[in-house]
4 protein chains.
Amino acid sequence: MIAVLKQNATKDQRDHLISWLKDQGLDVHISEGKEHTVLGLVGDTGKIDVELLQSLSIVESVKIISEPFKKVNRKFHPDNSVVEVPGSGVYFGDGSCVVIAGPAVIEGEEQLLSLALKLKEAGAMVLHGDAFKPRTSPYAFQGLGKDGIDILGRVKKEVGLPVMSEIVNTNHIALYEDVDIIQVSSRSMQNYELLKELGTLRKPILLKRGAANTLKELLMSAEYIMDGGNENIILCERGIRTWDFSDGAARNTLDISSVPALHEMSHLPVIVDPSHATGVASMVEPMALAAAACGADGLMIEVHEDPMHALCDGAQALTPDRFAAAAEKIRRVRSALF
Amino acid sequence: MIAVLKQNATKDQRDHLISWLKDQGLDVHISEGKEHTVLGLVGDTGKIDVELLQSLSIVESVKIISEPFKKVNRKFHPDNSVVEVPGSGVYFGDGSCVVIAGPAVIEGEEQLLSLALKLKEAGAMVLHGDAFKPRTSPYAFQGLGKDGIDILGRVKKEVGLPVMSEIVNTNHIALYEDVDIIQVSSRSMQNYELLKELGTLRKPILLKRGAANTLKELLMSAEYIMDGGNENIILCERGIRTWDFSDGAARNTLDISSVPALHEMSHLPVIVDPSHATGVASMVEPMALAAAACGADGLMIEVHEDPMHALCDGAQALTPDRFAAAAEKIRRVRSALF
Amino acid sequence: MIAVLKQNATKDQRDHLISWLKDQGLDVHISEGKEHTVLGLVGDTGKIDVELLQSLSIVESVKIISEPFKKVNRKFHPDNSVVEVPGSGVYFGDGSCVVIAGPAVIEGEEQLLSLALKLKEAGAMVLHGDAFKPRTSPYAFQGLGKDGIDILGRVKKEVGLPVMSEIVNTNHIALYEDVDIIQVSSRSMQNYELLKELGTLRKPILLKRGAANTLKELLMSAEYIMDGGNENIILCERGIRTWDFSDGAARNTLDISSVPALHEMSHLPVIVDPSHATGVASMVEPMALAAAACGADGLMIEVHEDPMHALCDGAQALTPDRFAAAAEKIRRVRSALF
Amino acid sequence: MIAVLKQNATKDQRDHLISWLKDQGLDVHISEGKEHTVLGLVGDTGKIDVELLQSLSIVESVKIISEPFKKVNRKFHPDNSVVEVPGSGVYFGDGSCVVIAGPAVIEGEEQLLSLALKLKEAGAMVLHGDAFKPRTSPYAFQGLGKDGIDILGRVKKEVGLPVMSEIVNTNHIALYEDVDIIQVSSRSMQNYELLKELGTLRKPILLKRGAANTLKELLMSAEYIMDGGNENIILCERGIRTWDFSDGAARNTLDISSVPALHEMSHLPVIVDPSHATGVASMVEPMALAAAACGADGLMIEVHEDPMHALCDGAQALTPDRFAAAAEKIRRVRSALF
């Protein structure tokens, strides 16, 4: 950690600060420049409250050198982590591109079963469907709840695909016994109470990046889960909120460079959700291909058999046919590159 | 609601869509332009899934005319709501500017008591202190927990100020019986499970805007609480995350125009937290004065008696002396204007 | 155009507004809802000042239905525009992915010549080098100026690649006679005086998106050039400024979805600059592959033969070797998909 | 400047880098930590290309300690600069709050004269009107041009107020002889060719912050003007583009904390433009009061005598009556505080 002192700090104030820092067990290296004095702090700087230090009247700025995330940091774990979905033969982070697919919300058993069969045939390796759905409006449909989780369990057995579903409440964990991957959505990325509970499990957790969270914040949230003992974490980029969001063509801005960036910062696998990132069916395939080409360990794609009750083709979710075509192109990109 | 159809929609597709919309109970007004056909949808459009409609292949765009928030909407409740803190004589939204002050985290009883007495003397009307603190890092101090809440209760009795404290877990609600105002922090603004529980109470809830949430999203979260039956909601602007956040001088961008904007959109009182919005002690007073001048119903200011253990003056929190000076200027601005 | 009127508008005010709108030559369709009255305006709405209309006390909001860009709009020109670089056999928009490469700033003739030969061999189709360089600091090197342009002209002849260079001043246009593509950088995207001048030429113009400009604004700037008569415009996505920019791993956020979005909105070719978008050499190749996979009509990649004077490998620019490897992968992705 | 080296840097690479840095005339202080080696660079670091350094394979990050702006930096000029509008008795930065007012675009002489007389009576101290207007659309009205500047000159003489007008083209400078303050709009903030020309004048320049530019970038643009010899610079905050811009109530987000932040960073006066920042008449007064309360050296307010040709009251611009009321409140706030 580096602390830059202001020019007008008195000798007394500086000595006071330096002796306090030494009391915290740090070595302090002092560089005197024309305009600033710079303190290099060496040792276990994790104990220092950066915001407090930064706020001192004699401190101009504090620069953090060590990343605050440890267990998820590639520096201390140079090899890729491979997250296995137990009993399914599906691995995230082994060089393959795992395709997760499903219908956002579970609407009923028949609908889910029919779709799941088509998805499996088209090459999907994990079935996704939500039973609990956080919605901006209290008046919107919030999912089938426990019934939805039960449907998912029955369809899983019938079809033979591992399943993934979102969790919104720590008190629901017991319901997810048959769910193979628990998803934490972007709105819950900093629900630390939930993350702590998920850290006590050994099940794979899909952790989605918050719509306005930095990669460091995402990794700090993963650190909460891993610190609890659960190392089976899959990171997911799903688009960020930028000034472009409502005037632009897409609902969010897919931060595609987060794929190589997260791979550099962390050993955890990274997947991309092009459906939520764009909110537009016509952009799902090109964005899925972009993610596959730049090394994503997986994709999560929304598919609906009958968008808007057969009214028209082209709803936000892909139809099974368009999904199958996209999945084929994803395989072509991967075999051309990896 | 307005739906703009694409030029290349066939007559069949259009008729199909229009008849489906009518089946949903809506009146459909059709305007034919040179480049577009526009459908005006009149009736209970709240039932329509906007994203689904938007995603149809023949739909170019959907424009929402009615706001999705109802109970918190000024349109249906033209007068200001006044939120009373029971038994304290403190009212939010009655034209006054309520000053809430305190030390971010509760560190101990002695510290809190000593500070609270000074704050009361300087004119603070509510004491704030957190016992449960969501932190980005799992390794950072997370507050005293239940002990902190107990300390707050004892200091409240001693000093005679109503108290406010943050909640992070629905399972903790029982602990907050003696807390007068429950605070929902920005990270929890879209924790709908928590909001639903708070809706069952009748205690005032301070709802902080998420760092990257629009005003509409803030109002939708307030709608969750009010829909549960709790009408005692105080909105709080605390800075938003913009591209300016790490290069800029301040930690967040205080969105000061949210004060008149929220007053126009909603009947609920609106306060401002200049401490979290800027993260810099020297900016707290100017931002507090700006908020007071543009009509905020209150302010929430971090004060610490002895920043960094007396090391230096000038920590992020104001000292009680600087707080007292700022409070005096706030009163001068208000009496010059209101 | 749709104008939503406020509930509290009097009949007089409404009639006044409607008759004024009719005087502007528009047809006005009126839909009365419970909460709002909506006016549908049909005709040449381009003449209406939207901001003025929006600001009227009786108007709640104005929704624009027709895009304000016309000549660059795919609606009125459904086929892709193909921009030819005259005499070079290079075409943007014909389904190929044109690779532009070069050393940011021209430092000298020998350096440029040596690099250009390697780039050509590795498959680059256009040589890029800047002679005039807008820099944030007045104290930074601003390029070789006219001498740089002359060097570029001589290297072009020697190597046999068409060349591209940035323009910063309308008064410099005469210098660019031998330059095949004139580049407008992101900082100049809304320098309308410059755009108007470039509209009088017939040379291809590479128009880079401003770091905080929407796609509509980019297209409006292209409209300035095309309205002047120059239809040879190539659009370029080069990363946008988001809250992630200084904490994140990349300098800007590459808005990769702008490729399919611009292709949908406009008939103009779209290329991507992964070097400026990320500012990090290790991310250039993955981002180039992402762009190639999602349909970009070209790429613009910074290459430097000897980053930091042979001090170390790995500067922001790729070395010629790494460029050659990336170019090969780009070709593999394209032949797998298109 | 601080350069943090990667763990895996070899001794050779480090020695190479260190000797190169010493060749640039810098002193290099080395601190060895467990995870990193940190180089403290002392001396004239302005000569180092930060991006190049940052991009080296052995460099993890570079932290800039000294600000890159010098002449506008308060560190080297602790007292406030006072910018005089020659011959007018108007001073920016002397503790007063100068109110600039006028009608965005000049529409005609009669209109401007009538308005100017009312503005003067209400307390405006500078008259603002644009003759050249950069517009997003090539089809929008771009101002009266030279005729507008001539009208402004005649009204100035008649009314006796100094005048301000925007410049868009370096070739127009000669036209501005009678204009007292030349305005550089946000779109031109990084038009360095224009800034260099304005640096050769001695007339006050109003430099508006770009809609997505950091405060440092604003100060770097001011540095261009001051480096040319013109020290009469007034900075202007006019709202920034955030993700809130189109969903929010305001067109831009007024970054009100830029007032104290710029005052801390620079000795130049800082004014605020609440009209462009919000785009909504009802928010202009509250935002003007906020700016006045937090220490702005001036305000720039759009006023129109007859918004939308007398159609309705309430257009974006204030009417003269509402302006007079706001100006009175601004004076009350200032006399309560300063």
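Letters A, B, ... mirror the listed sequences (proteins, then strands); counts begin at 1. Atoms considered below: every heavy atom in the structure, side chains included; atoms not considered: hydrogens, waters and symmetry mates. Every value quoted in this text rests on a predicted model; they were computed, and no experiment measured them.
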Checklist outcome for this item: Ranking D:Leu289, D:Ile256, D:Leu262 by heavy-atom pairs under 4.5 Å to chain B gives rank one to D:Ile256

Item to check | Residue, of B:Gly239, B:Ser258, B:Pro274, B:Cys294, that accumulates the most heavy atom pairs under 4.5 Å with chain D | outcome: B:Cys294

Checklist entry - Does a side chain donor of either B:Arg187 or B:Thr136 reach within less than 3.5 Å of an acceptor in the other side chain? => result yes

Checklist entry - So, does D:His263 use its side chain to make a donor-acceptor pair with the main chain of D:Met265 at under 3.5 Å? => result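 Checking the backbone N and O of D:Met265 against the side chain of D:His263, no donor-acceptor pair under 3.5 Å is found.
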
Checklist entry - Between B:Ser188 (side chain) and B:Asn191 (backbone), is there a donor-acceptor pair under 3.5 Å? => result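 Such a contact is absent between B:Ser188 side chain and B:Asn191 backbone.
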
Checklist entry - How many angstroms lie between NZ in B:Lys208 and SG in B:Cys236, if you round to the nearest 0.5 Å? => result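 Answer for the NZ-SG pair, B:Lys208 versus B:Cys236, is 5.0 Å.
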
Item to check | Set of residues satisfying side-chain contact (heavy atoms from CB on, under 4.5 Å) with respect to B:Asp321, sequence neighbours excluded | outcome: B:Thr319

Checklist entry - Going by heavy atoms in the side chains, are B:Ile233 and B:Met226 under 4.5 Å from each other? => result yes

Item to check | D:Glu264, part contacting chain B, at a heavy-atom distance under 4.5 Å | outcome: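 Contact with chain B is through the side chain of D:Glu264 alone.
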
Item to check | Contacting region of D:Ala212 [heavy-atom separation from chain B under 4.5 Å] | outcome: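 D:Ala212 touches chain B through backbone and side-chain heavy atoms alike.
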
Item to check | Neighbourhood of chain B inside residues 328-338 of chain D, taking heavy atoms under 4.5 Å as contact | outcome: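 Listed by number, the contacting residues are D:Lys329, D:Arg332, D:Val333, D:Ala336, D:Leu337.
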
Checklist entry - Salt bridge check: are D:Asp255 and D:Arg209 linked by an N-O gap of less than 4.0 Å? => result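 Yes, this pair counts.
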
Checklist outcome for this item: Given the options D:Leu218, D:Ile271, D:Leu254, D:Glu237 meets side-chain contact (heavy atoms from CB on, under 4.5 Å) only with D:Leu254

